[in-house]
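Data block below; observations after.
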Amino acid sequence: MRIAIISDVHANLAALEAVLRHAEAQGATDGLWCLGDTVGYGPQPSECISRLRDAGAKLVAGNHDRAATGKIGTEEFNPDAAKAALWTRDQITEDDAAYLDALPEVTHATPGREAPPAEAEFTLVHGSLRWPIWEYLSTYEAATAHLERQRTPFSLVGHTHMPMLVREGEEYPQGCEMYHLEDGARAQLDRQRRVVINPGSVGQPRDGDPRAAYAAYDTESGTVSLHRLEYDIPATQKLMEAAALPRWLINRLAVGR
Ligand code: ZN
């Protein structure tokens, strides 16, 4: 089986379609797992929610999903993000909002079946298990705190918009290794060592590469591969201009920052 793992779509439908097309061509159609922030920043929140619902995706909530429905305020957001969150609130339907509000902050998944959390293979969370919708899992300290709370062999996080892998191991001075996943990177998973994977961001990459990012898990080989895909960035930017979304949010898509 092959599972597509996506995160931080951020209402960028052109990027999402590019990723889903690639996943389909790769046969990664046995599951679609999404690590939150489906909306916020981008111009097509309702369309992205519908696309993922139609595809039967398994989602968790991100901070932007909560802000889009008013469940949390925008005080912790920078001014551009806050402006986009309020814009998103006006765009989504009541049904969209109810759907987002019903998303859990943490969930579990196992390819091909519904397993109880204690027997699941993967834990899914937007930020970290210590602080589910807010914490950036980008330091060894945060990674260690997350791993201490991880009860499944593998976990998947988003939020930083940076593709990354953390693997525990006694040989590492920090108790784990942590590295950026390049386009085409392939990581072998081993149930004896807990692993955390961030598939990067579909709709607003921030690692200097503007291409949409996602990961695919192949159960047969036990590997996760990272993919970067070109998409029609100007098309998304034009929609953002028409919606009068903040200039920096439009510009950053082209540079991947
Ligand atoms: Zn995000």
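Below, all heavy atoms of this structure are taken into account, side chains as well, without hydrogens, waters or symmetry copies. The model shown is predicted, which means the values in this text are computed figures rather than measured ones. One-based numbering, in listed order, for ligands and for the atoms of each.
The OD2 atom of Asp37 and the OD1 atom of Asp8 meet at the Zn ion (ligand 1) at an angle of about 90°, given to 10°.
Not one N or O on the side chain of Asp90 forms a donor-acceptor pair closer than 3.5 Å with the backbone of Trp87.
Between the side chains of Thr160 and Asn198, at least one donor-acceptor pair of N or O atoms lies under 3.5 Å. Looking at His126 and Asn63, their side chains do bring a donor and an acceptor atom within 3.5 Å of each other.
Side-chain contact between Val39 and His10 is absent, with no heavy atoms from C-beta onward closer than 4.5 Å.
Residue side and main chain included, His10 places an N/O/S atom under 2.8 Å of the Zn ion (ligand 1).
Nearest to the Zn ion (ligand 1), among the N, O or S atoms that His161 has, is NE2.
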